[in-house]
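So the structure is just underneath, and the comments pick up after that.
First the proteins, then the strands, lettered A, B, ... as listed; each starts at 1.
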Amino acid sequence: MDLLEGLNPQQRQAVTCAEGPALVLAGPGSGKTRVLTHRVAYLVREVGVRAGNILAVTFTNKAAREMKARLSHLLGAECEALTIGTFHATCARILRREGTLLGFAPSYTIYDDDDQQAVIKRILKEMNLDDKAYRPGAVLSVISKAKNDLIGPDEFVPKSYREGVIARIYLRYQQALKESNAMDFDDLLTNTVALWQEFPDVLERYRSRYRYVLVDEFQDTNAAQYVLLKQLAAQHRNLFVVADEDQSIYSWRGADFRNIQRFREDFPEAPTILLEQNYRSTQTILDAANAVISRNTRRTPKRLVTERDRGTPLVVHEAYDEQEEGQYVVREIQRLVGEEGFRPGDCAVMYRTNAQSRAVEEAFVRAGMRYKLVGATRFYQRREIKDALAYLRIVYNPADSASLSRVINVPPRGLGPQTAEALFAWAGEQGISVWEALHRLRQAEQGDEPMAHPLSARAVKPLLAFLAQWESLVEESKSLDVASILQLVLERTDYQAYLNDGTEEGRDRWDNVMELLNVASQYASMENSLGVFLQEVSLVADVDELGDQPDTPVLLTLHMAKGLEFPVVFIIGLEEGILPHSRSSGSPEELEEERRLFYVGMTRAKDHLYLVHAFRRASYGRSAPSQKSRFLRDIPHHLTGGERRTWPTRPSAALRVEPVAAPKPREDARPAPPSAPTFAPGDRVVHPKFGVGTVVESRIVSDDEQVTVAFPSNGTKKLLARLAKLEKVR
DNA sequence: GCAGCCCCATTTTTT
DNA sequence: ATGGGGCTGC
Ligand SMILES: Nc1ncnc2c1ncn2[C@@H]1O[C@H](COP(=O)(O)OP(=O)(O)OP(=O)(O)O)[C@@H](O)[C@H]1O
């Protein structure tokens, strides 16, 4: 197969460019991922690079799987030797091998958010701090931010008293993790950076191993990830990155698209290759997406053309509420499948927040249709699943104190909060893991030299019984696979009896545990199946998606949609407060990121794009009128088929599409406040008489919008937008 | 120590 | 709405 077949000249140039660094900058659907994939194959097949010398970094595990699949097609068996994965997964693997140098046993545990919270809560108690003044979530976000910027607990410079306290928590937190032989997500990156910094010989090994490094979605790398890349590529300089600054949507996680600029400075010899041909979307979709993104100021405009024809207009639909919104989406999918020959799996429903999936799911259930929720870790968040995983994690890494604290009294065995607190505090004081503390307790009780400990005489017996039980489980598990271990643990803890309280919920919970066992058994034949299984679960490597791939509509967040494409896309909840989200509307930067998020969603669509908003929506149990998203106003009217809605006929009545004239806010009919301003401060506008000016302020006044505009030559004027025929200019 | 009850806040996005 | 956390009574 010719690797260059099916590539345009620009793409070929990128795929075949010489050794050394290179930057591919291009818009959505221009084949960035395809270029990266083909470049890998090209290096192996044409340049003769050994597959083992290539590292390709993707943004999600799913993307890694897809790339692997494509490369296995392009390269055959040789692709097995490639390293393809996310930064986190790759670092996790490196640290399994080399972590001992930093004081971590190979069986270290990756702590998830709950574990992290548990550790922080423990520390707050230890330090006598109020967990309301220092909310664990808030503390963790400060710590995470620091880590993403590679600021360790020692380098952390507090800018306030509060931050001083957090700095102390941070320090203790890192100790606690080490005592538990655990790392959090951010540690996977920072510890790898530290490893390579402190052990140049190790870095040297990885440099010669990963002689060619390729990074997808480079605009969403954070500082730690960028340093990792620099460490690896500083010498051989074979760093190939593809990026689109308009698709940078993870700044809240420390991602910084200015890494593109840094790359240019650090690798000045890198050619920049632009891809300007879009192969995905119709002209209409592209035009609409472009109208939306061009309102962002901090960007370099890109050229992007498509070979495809105009296609159909976008559909903008106003639903009554979130239920009717779900119903509309489901019926429209049924229609597309029934009348237009689409497959259910061609359709995707995208939303800003996970909570929004609920109403859509209910609509699917009511319609008797199957659907797939992407990236839903809900299953792994369930109590019974977390319990079962905690059991497994203890077997794998008994030092894991977070897991021990979770299940020390599950099922109840007389080790209540008092005892647990005493035990954990005692371990904390001594700077040892809880597991070790239990051993000391036994020593103290049964050894020759009695030792003081704070545990009540009554608690000692169940504690030692607990230790004995788990010691035996750890020992017996050594020769077993994950599935057998899980079965054994469930049996010994009598977990089924604990769940089975006679209620249906209890039955369901047990069913879930059996489902977990089913998933685990898919790993059973692997080498070190327990470790592999736990790692994949921790890295959210969508374990549940193994196997079944039904042809069903997909429900996913806009964030999860990055990098994917679908013939039919529904974006729902296009309302102020949701998209843009109220928690992200504070600064212009945040708003621009919300806009990019919408842009990413729109550009996933190949043929049909539906933009749906609801007239009213319930949140936190309260239903309130909503206001349509400002982003919808940026889409020129001629690209949409006008706005439609299916109510107020009767929300449950048969689908009836009634065209609705441009929204005219009538106070009696609409409790909603008047529409949002079309002009925002900073916008450049043109006035027939005064010329070009800059908007200073804009607010809604009765029926029109009063805009204050500063004209360089005519001073500042207050104008009514409609009357003055104000127009935006770019 | 533990089950049951009530109150309350809820930071949206994920590796 | 929902579940986690605090409180009460056994
Ligand atoms: N030269 C080409 N000829 C035909 N189809 C192409 C070509 N290049 C890319 N495509 C197709 O265009 C679509 C988009 O490609 P790809 O996902 O690689 O783009 P991308 O730039 O990574 O997109 P995004 O940034 O939006 O995720 C894919 O379906 C791909 O197969």
Requested in this report: Give A/N354 one of three labels, base, sugar-phosphate or nothing, depending on what nucleic acid heavy atoms sit under 4.0 Å from its own.
Outcome: sugar-phosphate
Query raised in the report: Can a side chain N or O of A/S538 be found less than 4.0 Å away from OP1 or OP2 on B/dT15?
Result: no
Query - Presence of donor-acceptor pair under 3.5 Å, side chain of A/R583 and base of B/dT12 - result: no
Query - Selected nucleotide, minimal atom distance to A/T353 side chain, candidates B/dT15, B/dT13, B/dG1 - result: B/dT13
Query raised in the report: According to a strict under-4.0 Å criterion, is A/S141 in side-chain N/O contact with OP1 or OP2 of B/dT11?
Result: no
Report task. Using a cut-off of strictly less than 4.0 Å, decide whether A/R358 has a side-chain nitrogen or oxygen near OP1 or OP2 of C/dT2. Result -> yes
Report summary line: Of C/dG4, B/dT13, B/dT12, the nucleotide closest to the side chain of A/H559 is B/dT13
Query - Comparing A/S584 and A/L415 on DNA chain B - which has the more 5′ nearest nucleotide - result: A/L415
Requested in this report: Between B/dG1, B/dT13, B/dT12, spot the one nearest the side chain of A/W252, thanks.
Outcome: B/dT13
Requested in this report: Round to the nearest Å and state the distance from A/Q381 atom CD to C/dT2 atom C1'.
Outcome: 14 Å
Query raised in the report: Are a donor atom and an acceptor atom from the side chains of A/D184 and A/Y173 found within less than 3.5 Å of each other?
Result: yes
Query raised in the report: Side chain of A/P412: nearest nucleotide among B/dA3, B/dT10, B/dT13?
Result: B/dA3
Requested in this report: May I ask you to evaluate whether A/K121 reaches the phosphate of C/dG5, defined as a side-chain N or O under 4.0 Å from OP1 or OP2?
Outcome: yes
Query - Centroid distance under 5.5 Å and plane angle under 30°, A/H581 vs B/dT12 - result: yes
Query raised in the report: B/dT14 P sits how many Å from A/F185 CZ, rounded?
Result: 12 Å
Report task. Let me know the distance between CG of A/D115 and C1' of B/dT15, rounded to the nearest Å. Result -> 15 Å
Query raised in the report: In Å, rounded to the nearest 0.5 Å, how long is the span from SG of A/C91 to CH2 of A/W196?
Result: 6.5 Å
Query raised in the report: How many Å lie between CE on A/M560 and P on B/dT15, as a whole number?
Result: 5 Å
Query raised in the report: Looking at B/dT10, B/dT14, C/dG4, which one has an atom nearest to any side-chain atom of A/R135?
Result: B/dT10
Query - NZ/A/K68: more than 12 non-hydrogen atoms of other groups inside 6.0 Å - result: yes
Report task. Quickly work out the A/L558 CG to B/dT14 P distance and round it to whole Å. Result -> 10 Å
Report task. Assign A/F87 to base, sugar-phosphate, or nothing according to its heavy-atom contacts below 4.0 angstrom with the strands shown. Result -> nothing
Query - Proximity of A/W252 and A/Y250 rings by center, below 6.0 Å - result: yes
Query raised in the report: Should the heavy atoms of other residues, nucleotides or ligands under 6.0 Å from CZ of A/R298 be counted, would the total exceed 12?
Result: yes
Query raised in the report: Looking for any heavy atom pair under 4.0 Å, which part of the strands does A/S619 touch: base, sugar-phosphate only, or nothing?
Result: nothing
Report task. Send over the distance from A/F59 CZ to B/dT13 C1', rounded to a whole Å. Result -> 10 Å
Query raised in the report: Between B/dG1, B/dT15, B/dT12, which nucleotide has the shortest distance from any of its atoms to the side chain of A/R253?
Result: B/dT15
Query raised in the report: If you check the A/N409 side chain, which of B/dC2, B/dT12, B/dG1 turns out closest?
Result: B/dC2
Query raised in the report: When you check the phosphate oxygens OP1 and OP2 of B/dT12, does a side-chain N or O of A/Y620 lie under 4.0 Å from one of them?
Result: yes
Report task. Please figure out whether A/G137 or A/Y250 has its closest DNA chain B nucleotide nearer the 5' end. Result -> A/G137
Query - Interatomic distance where CE belongs to A/M350 and P belongs to B/dT14 [whole Å] - result: 13 Å
Report task. Among B/dT15, B/dT12, B/dG1, find the nucleotide with the atom closest to the side chain of A/Q418. Result -> B/dG1
Report task. For a side-chain contact (heavy atoms from CB on, under 4.5 Å) with A/R595, tell me which candidate from A/N296, A/I249, A/V600, A/L579 qualifies. Result -> A/N296
Query raised in the report: Is the number of heavy atoms from other residues, nucleotides or ligands under 6.0 Å of A/R507 CZ greater than 12?
Result: no
Query raised in the report: To the nearest angstrom, how far is A/F598 atom CZ from B/dT13 atom P?
Result: 19 Å
